[in-house]
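Counting starts at 1 for both ligands and their atoms, in listed order.
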Amino acid sequence: MPASLSDLKSAFSKLGLSKHLVISHASLKAFDSIDADVMLNALLESTRGLIMPAFTYKTMLNPEAGPPNNGITYGSQADLNKMAEPFQLDMTVDKMMGVLPEVLRKYPKAKRSMHPIQSFTGINTDAILNTQSIHNPFAPIATLADQDGWVLLLGVNHTVNTSIHYAEKLAGRMQFIRWALTSEKVVECPGFPGDSEGFNSISPSIEKFTRRVEVGGALVQAIHLKSLINAVIQMIKENPFALLCTREDCERCNAVRFG
Ligand SMILES: [Zn+2]
């Protein structure tokens, strides 16, 4: 049986987020045939406001040449470059982000930030979305952390936990440059993060700040954002290669290791 609105609200109430802003990541497939609107309504009624990553990778261009040690093979995606589309505020959210942010961004009250690759969408979070800039793509996460925000993982694990990327940056980890098409020009986008495949190794360090509940056949985890950020910084301080993945040909993890 799919979880109803009241099932979800009852489960979320146990996480104690009603007075907090939240960044959420979700896989609806992890839940028994749940409706996206039911999920979003439950989230909006259980929190003070919500943002989700609404990233758009089809704007990206891979140039023939660029700065060294950038976790990229230049000139390797000439075919993809031909299919690149200029960023528009109503551009569909990349499928990799799941269906929920795409449904959210179409809500009449929803706003979206302007970054051509790493935009966020949200409701009751306009001031947070407005902090983003081309030079500071993770500013909304910084602001959320300052405002005692929480991360909410709905049927997904830390490999999609974007806030860990922001913490990596604070820890001094290498960031990358990418390029995106807009209607006017090609825009250089600094502060592009590394790979997230190894992020689940943060779990033991944040057990104290993680609240869990099961609903509709899926696990929901809430993590206090500021505490998560501090735990990531501490982990990287102790081991500069923490949270990297084990794939031998991973360009961005290898750039961090050998760069
Ligand atoms: Zn990797």
Review point. Sorted by chain and residue number, which protein N/O/S atoms are under 2.8 Å from the Zn ion (ligand 1)?
Key: Asp195 OD2, Cys245 SG, Cys250 SG, Cys253 SG
Practice item. Indicate yes or no: at least one non-hydrogen side-chain atom of Thr162 is less than 4.5 angstrom from one of Phe138. Key: yes
Check your understanding: So, do Trp150 and Thr47 sit near enough that their side-chain heavy atoms are less than 4.5 Å apart?
Key -> no
Review point. By salt bridge (charged side-chain N to carboxylate O under 4.0 Å, His left out), which residues pair with Lys237, not counting sequence neighbours?
Key: none
Point to revise | Linked hydrophobic residues, Val187 as query - side chain contacts closer than 4.5 Å | key: Ile134
Exercise for review: Could you give me the CA-CA distance, side-chain angles and deciding distance for His115 and Phe55, then say whether ring-ring contact (aromatic ring centres under 6.0 Å, His included) is met?
Suggested key: CA-CA 9 Å; His115 195 288; Phe55 298 171; 8.2 Å; no
Review point. Residues in salt bridge (charged side-chain N to carboxylate O under 4.0 Å, His left out) with Glu45, at least two apart?
Key: Lys9
